[in-house]
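Residue numbers begin at 1 in each chain, while the letters A, B, ... track the order of the sequences.
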Amino acid sequence: MEEREIRLQKLKELKEKGYNPFEYRFDRTHTSIEIKKSFNELEGKEVKVSGRVISERFHGKASFITIRDFTGNLQIYLSINNLGEENYEFFKKFIDTGDFVGVTGTVFKTHTGEITVDAKKLSLLTKSLSPLPEKYHGIKDVEVRYRKRYLDLIANPDVINIFVKRSLIIKTIRDYLNSLGFIEVETPMLQSIPGGATAKPFITFHNALNQNLYLRIAPELYLKRLIVGGFEKVYEINRNFRNEGISTIHNPEFTMLELYLAYADYKEIMVLTENLLSSVVFSINNSYVIKNGEDEINFEPPFKRVSFREIFEEKTKENFDRFRDIGFALDFLKKENIELTRKPTFKNVIDEIFKEKVEKDFLNPTIVYDFPIEMSPLAKKKRDDEKWVERFEIFIKGIEIANAFSELNDPLDQKERFLSEVKEKEKGDEESHYFDSDYIEALEYGMPPTGGLGIGIDRFTMILTDKDSIREVILFPQLRSKEED
RNA sequence: GGGCCGUUAGCUCAGCCGGUAGAGCACCGGCCUUUUAAGCCGGGUGUCGCAGGUUCGAAUCCUGCACGGCUCACCA
């Protein structure tokens, strides 16, 4: 007989005997960790604890079981003397690993020194019908781990810590920004024009409105509308959706922090960003230096700063302006064995070379500032050079973590940039920015000078939890659906 | 989308120069009142990812497909 059927049989018998295998509540007095931390005060006292039975060790007329609650494991001692014959037989007959139980008993320490609850009463709170994964090796099959994250969490307790840490990271960011007077807002996920980034959107349809809507690729244009409306410090931490490839650093839905600060330029945002990142790291990690694989990453501010042009020329050993000659640029690609699958435009070539020759080398947080205007349709031109914009990105361990700029607030300039993006789109560049006339209109009412910032929360969490795949820091990462039988 | 690798019991895995499936844990039965990957005795519970092909015979060889991982491409 299959294990599940055996348990179904027990379930039936329990019901016949008048027990409820799916109880309504249990009033526990302590969690596992509280029992252990307060052992000195609790020794000999009666407590009520509850949790999932994760292992059982039978010794005839006495047994040990280990239960687990969210705070950790706790050993329970069950002896026929203290539990009574009836309750002990009930335990032996009906309690399986995986079940949730409530225990009343006194706290003591075993011969081997383990803090344990000596049970006077044990009751079943929830019957588990499916057997637990193996207790020693856990679940290693990553497909099962992601599809059935609940099993991963049960079998691999360390996984809980990743997500507790993720929660703490986000909380710390919120606390930091709130303390500076930032207001958290929520802007539309469903947008009629997907803007604020260059990416392919998901398209959906609203029946009542009888129109297409797009899942947002960024909240940027809405947050800047709020700056027009009078907000001076706003942020949003929420999901973006991009209909693009999946990889160890890309999930179709991912979490982004975007913030906007009125009257600031990108230099001020630079300082804000390095203070934010480094103080989050310090408060989570108790040190600016974190271990990451074989490497150590040092978040102590100030971060290294290097201009796009400077690092580009250093790595390519060529004058940047020569790449404006597309012939030269393509020769360079050929010489360096870099494949370009996109259209051979200045923007794409530069982007490709940056990715191949520059980006991958950064380990410690590095600020790359002043980008070519062609790559940045929403950023303000440099005050002394129209070919460049006031924008910076922060790279950590070869991964882009942050992107920021002095926000373009000249509606006429913004209109021109949109128009040139539209031209690219008409030429077949699917990732070009959409034209958003309502946003232009908003800018025409006047947006004060503003600095903006985006931080990829998942990627930042990867760095802080020492994980190489974004799927390890997203509870339910996107996988292809499996045909159900 | 390309390349490489993987998919066998509930879990972790072995078996793969073709001969009809195995271990540990889990589970079931028995013994055991301080164990903790408890122990001792007994028990194998399976659509070998799916579909074809080759063969007397396929978990094993071949082809296709599905799902996953890594990687390249794409892309914040």
Side-chain angles (χ1 to χ4, degrees), chain A residues 1-7 9-10 54-66 73-83 88 92 96-98 108-116 118 128-148 151-152 154-156 196-200 217-218 240 242-252 254 256 338-342 348 351-352 354-356 359 375-376 393-395 398-403 429-431 454-456 458-459 468-472 477-485:
Chain A
M1 193 158 45
E2 260 182 38
E3 190 163 351
R4 182 166 175 277
E5 284 171 47
I6 293 165
R7 291 186 180 209
Q9 187 60 43
K10 289 181 184 177
I54 57 165
S55 65
E56 299 175 316
R57 294 173 291 283
F58 293 100
H59 297 266
K61 294 187 172 62
S63 299
F64 289 94
I65 63 174
T66 303
N73 295 350
L74 183 64
Q75 180 166 265
I76 309 292
Y77 179 64
L78 303 139
S79 72
I80 201 160
N81 294 356
N82 294 326
L83 205 55
Y88 192 75
K92 275 182 77 171
D96 295 304
T97 56
F108 78 110
K109 216 175 238 183
T110 63
H111 293 166
T112 54
E114 179 156 356
I115 294 166
T116 302
D118 186 353
S128 158
L129 296 178
S130 297
L132 251 35
E134 204 250 1
K135 63 184 171 190
Y136 186 62
H137 297 91
I139 291 188
K140 290 187 174 170
D141 184 331
V142 286
E143 186 175 354
V144 175
R145 290 188 45 231
Y146 298 153
R147 283 191 201 279
K148 303 186 180 180
L151 285 183
D152 189 28
I154 293 169
N156 307 315
T198 51
K200 279 178 242 170
I217 54 176
N240 289 344
R242 299 187 183 177
N243 201 344
E244 286 163 354
I246 294 175
S247 77
T248 47
I249 54 169
H250 296 92
N251 194 61
F254 62 100
M256 184 95 152
I338 299 171
E339 202 186 346
L340 184 74
T341 47
R342 287 176 282 172
N348 287 343
D351 199 32
E352 197 60 42
F354 189 80
K355 276 173 185 164
E356 288 297 322
E359 210 173 283
M375 302 168 78
S376 320
E393 294 192 343
I394 296 182
F395 295 91
I399 302 176
E400 181 194 333
I401 296 291
N403 181 21
D429 184 354
E430 281 187 88
E431 287 93 40
I455 291 176
D458 312 275
R459 290 178 177 183
D468 292 328
S469 171
I470 200 166
R471 298 180 198 97
E472 293 292 340
Q478 200 64 49
L479 299 182
R480 193 185 293 272
S481 347
K482 255 191 166 165
E483 283 175 36
E484 287 301 322
D485 39 14

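Both distances falling under 3.5 Å, in either a Watson-Crick or a G-U wobble arrangement, place B:G6 opposite B:C67. A 3.5 Å limit on both hydrogen-bonding distances identifies B:A26 as the Watson-Crick or G-U partner of B:U45. B:G19 is paired with B:C56 under the Watson-Crick or G-U wobble criterion, all donor-acceptor distances under 3.5 Å. Pairing of B:G39, defined by two Watson-Crick or G-U wobble distances under 3.5 Å, is identified with B:C31.
Between A:K135 and B:A26 there is a side-chain N or O to OP1 or OP2 distance below 4.0 Å. Neither OP1 nor OP2 of B:U35 sits under 4.0 Å from any side-chain N or O of A:R57. Proximity of A:K10 to the phosphate of B:C28: a side-chain N or O atom is located under 4.0 Å from OP1 or OP2.
If you take atom P in B:A38 and the same atom in B:G2, they sit 47 Å apart, rounded to whole Å. A gap of 30 Å separates the P atoms of B:G3 and B:C11, to the nearest Å. Between the P atoms of B:G52 and B:U20, the separation comes to 23 Å (whole Å). Rounded to whole Å, the P atom of B:A59 lies 14 Å from the corresponding atom of B:C17. The gap from the P atom of B:G10 to that of B:C50 amounts to 13 Å, rounded to the nearest Å. Using C1' as the reference atom, B:G15 and B:G22 are 7 Å apart when rounded to the nearest Å. Atom name C1', nucleotides B:U60 and B:U7: the rounded distance is 15 Å, in whole Å. Going from the P atom of B:C27 to that of B:A73 covers 48 Å, rounded to whole Å.
Atom pair A:F58:CZ and B:A26:P shows a separation of 11 Å (rounding to whole Å applied). As rounded to whole Å, 13 Å separates atom C1' of B:C75 from atom CD of A:E356. Protein atom CG of A:L132 is 15 Å distant from nucleotide atom C1' of B:A37, rounded to whole Å. Between the CD1 atom of A:I139 and the P atom of B:C13 there is a distance of 11 Å, given to the nearest Å. In this structure, A:I54 places its CD1 atom 15 Å from C1' of B:C11, rounding to the nearest Å. Atom pair A:H250:NE2 and B:C72:P shows a separation of 12 Å (rounding to whole Å applied). Following rounding to the nearest Å, A:N243 (CG) and B:C75 (C1') show an atom-to-atom distance of 11 Å. Taking atom NZ of residue A:K355 and atom P of nucleotide B:A73, one finds them 10 Å apart after rounding to whole Å.
A 4.5 Å side-chain heavy-atom check between A:K92 and A:E56 finds every atom pair outside the cut-off. Considering only heavy atoms from C-beta on, A:I65 comes within 4.5 Å of A:L78 through its side chain.
A:Q478 and A:Y146 share no side-chain donor-acceptor pair at under 3.5 Å. In this structure, a donor-acceptor pair under 3.5 Å is absent between the side chains of A:S130 and A:R7.
Minimum atom distance to the side chain of A:N81 is reached by B:U33, of the listed B:U34, B:C11, B:U33. Distance from the side chain of A:P131 is smallest for B:G10 among the nucleotides B:C28, B:G10, B:U34. Among the nucleotides B:U34, B:C27, B:U35, the one closest to any side-chain atom of A:Q75 is B:U35. The nucleotide whose nearest atom lies closest to any side-chain atom of A:H59 is, among B:C11, B:C27, B:U35, B:U35. Nearest nucleotide to the side chain of A:E114, out of B:U35, B:C27, B:U34: B:U35. Looking at the side chain of A:T97, the nearest of the listed nucleotides B:U12, B:A37, B:A26 is B:A26. Nearest nucleotide to the side chain of A:H137, out of B:U33, B:C75, B:U12: B:U12.
In the interface, the side chain of A:Y77 is not paired with the base of B:U35 through any donor and acceptor atom under 3.5 Å apart. In terms of polar N and O atoms assigned as donor or acceptor, the side chain of A:E3 never comes within less than 3.5 Å of the base of B:U45 in a complementary pairing.
Across A:N156 and A:I139, no two heavy atoms sit closer than the pair ND2-O, 3.0 Å.
In terms of modelled atom types and a separation under 3.5 Å, the side chain of A:R242 and the main chain of A:I217 share a donor-acceptor contact.
In this structure, A:F395 and A:F354 have tilted ring planes: the angle between them lies in the 30° to 60° band.
Each of A:S79 and A:M256 was assigned the nucleotide of RNA chain B with the nearest heavy atom; the assignment lying further toward the 5' end belongs to A:S79. With the nearest nucleotide of RNA chain B identified for both A:K109 and A:S55, A:K109 has the one nearer the 5' end.
Between A:D141 atom CG and A:D152 atom CG the span is 10.5 Å, to the nearest 0.5 Å.
When the side chain to side chain contact (heavy atoms under 4.5 Å, CB included) test is applied to A:I80, the partners found at least two apart in sequence or on another chain are A:K61, A:E85, A:Y88. Considering only residues two or more places apart in sequence or on other chains, A:Y136 meets the ring pair (Phe, Tyr, Trp, His ring centres under 6.0 Å) condition with none of them.
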Give each protein N/O atom lying under 3.5 Å from an N/O atom of nucleotides 67-71 of chain B, with the pair distance.
unit_1 : atom_1 : unit_2 : atom_2 : d
B:C67  : OP1    : A:R480 : NE     : 3.1
B:C67  : O3'    : A:R147 : NH2    : 2.9
B:C67  : O2'    : A:E143 : OE1    : 3.2
B:C67  : O2'    : A:E143 : OE2    : 2.1
B:C67  : O2'    : A:R147 : NH2    : 3.1
B:G68  : OP1    : A:R480 : N      : 2.5
B:G68  : O4'    : A:E143 : OE1    : 3.1
B:G69  : OP1    : A:R471 : NE     : 3.1
B:C70  : OP1    : A:R471 : NH1    : 3.4
B:C70  : OP2    : A:R471 : NH1    : 2.9

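Here A:T110 lies in heavy-atom contact (under 4.0 Å) with a base. Across all strands shown, A:K61 has heavy atoms under 4.0 Å from base atoms, whether or not it also approaches the sugar-phosphate. Heavy atoms of A:Y88 sit nowhere under 4.0 angstrom from any nucleic acid atom. A:G454 comes within 4.0 angstrom of nothing in the nucleic acid, heavy atoms only.
Counting non-hydrogen atoms of other residues, nucleotides and ligands closer than 6.0 Å to CZ of A:R4 gives a total of 12 or fewer.
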